[in-house]
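Have a look at the structure below before the remarks.
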Amino acid sequence: QVQLVESGGGLVQPGGSLRLSCAASGRTISRYAMGWFRQAPGKEREFVAVISLSGAYTHRADSVKGRFTVTRDNAKNTVYLQMTSLKPENTAVYYCAAAASLDTTVEEYDYWGQGTQVTVSS
């Protein structure tokens, strides 16, 4: 079992930045691909970014390319999502999740955090 806890969300103005963290416990995350997803009110949960086990490969949704960066520190059992140039449409609950292999679909992820709220508003 892997327990995931996100942090770092909050209220930020358009154009601002936030760094989300996802701290894992129970098992080392080095055996999992780690993904970030988000869910806005009334919408389905959607893929944001994923990073491979070693961190050598990342993939991001087109809507966040050039603005969001996913990294991981396996020694700290933590994954990060650096978000810049934030827009109001980025407002959502952001979740981190662990999967056995690199994937962008919700159904392939076995473990989920509780989420952290990100609100982009002036």
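From a predicted model like this one, the values you see are computed outputs, not experimental measurements.
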Over all heavy atoms of both residues, which pair between [X] and [Y] is shortest? Give the atoms and the distance, please.
X	Y	value
Ser21	Thr78	CB-CG2, 4.4 Å
Ala92	Ala40	CB-N, 3.8 Å
Met34	Ala98	SD-CB, 3.6 Å

Taking C-beta and beyond as the side chain, do [X] and [Y] meet within less than 4.5 Å on heavy atoms?
X	Y	result
Arg31	Arg27	yes
Gln82	Thr71	no
Arg60	Phe47	no
Gln1	Tyr111	yes
Met83	Arg19	no
Val70	His59	no
Ser121	Thr91	no
Leu18	Thr84	no

Derivation of the side chain to side chain contact (heavy atoms under 4.5 Å, CB included) call for Cys96 and Leu4
CA-CA 7 Å; Cys96 71; Leu4 302 172; 3.8 Å; yes
Grouping I, L, V, M, F, W and Y whenever their side-chain heavy atoms are under 4.5 Å apart, do Val106 and Leu102 come out in a common cluster?
yes
Is there a path of hydrophobic side-chain contacts, each under 4.5 Å between heavy atoms, that joins Tyr80 and Val2?
no
Please check this pair: side chain of Glu6 against backbone of Gln114, looking for a donor-acceptor N/O pair closer than 3.5 Å.
yes
Sidechain-backbone polar pair: Asn77 side chain, Ala24 backbone, donor-acceptor under 3.5 Å:
yes
Atom pair CD (Glu46) and CH2 (Trp36), whose distance is rounded to the nearest 0.5 Å
14.5 Å
Go through the steps for Asn90 and Val118 under the test side chain to side chain contact (heavy atoms under 4.5 Å, CB included), then give the verdict.
CA-CA 8 Å; Asn90 299 143; Val118 171; 5.6 Å; no
Are Tyr95 and Tyr109 close enough that their ring centers fall under 6.0 Å?
no
Trp112-Phe37 aromatic ring centre distance below 6.0 Å
yes
Dump the intermediate steps for side chain to side chain donor-acceptor pair (under 3.5 Å) on Thr28 and Ser30, then the final yes or no.
CA-CA 5 Å; Thr28 173; Ser30 61; 2.9 Å; yes
Report, one line per pair, each donor and acceptor closer than 3.5 Å where one atom sits in a side chain of residues 48-56; sequence neighbours left out.
residue	atom	partner	partner atom	Å
Ser52	OG	Gly55	N	3.4
Ser52	OG	Ala56	N	3.3
Ser52	OG	Tyr57	N	3.0
Ser52	OG	Tyr57	O	3.3
Ser54	OG	Ala56	N	3.2

Step by step, would you call Leu81 with Thr69 a side chain to side chain contact (heavy atoms under 4.5 Å, CB included)?
CA-CA 6 Å; Leu81 183 68; Thr69 303; over 6 Å; no
Is Glu89 atom CD crowded by more than 12 heavy atoms from other residues, nucleotides or ligands, each under 6.0 Å away?
yes
Test of understanding: with side chain to side chain donor-acceptor pair (under 3.5 Å), list the residues that count as partners of Tyr94, not counting sequence neighbours.
Arg38
As a quick check of understanding, evaluate side chain to side chain contact (heavy atoms under 4.5 Å, CB included) for Gln13 and Val120, giving each step before the final call.
CA-CA 5 Å; Gln13 292 187 342; Val120 184; over 6 Å; no
Checking Asp103 against Thr105 for the side chain to side chain donor-acceptor pair (under 3.5 Å) test, could you report, in this order, the C-alpha distance in whole Å, the side-chain angles of both residues, the deciding distance, and whether it holds?
CA-CA 6 Å; Asp103 210 285; Thr105 57; 2.6 Å; yes
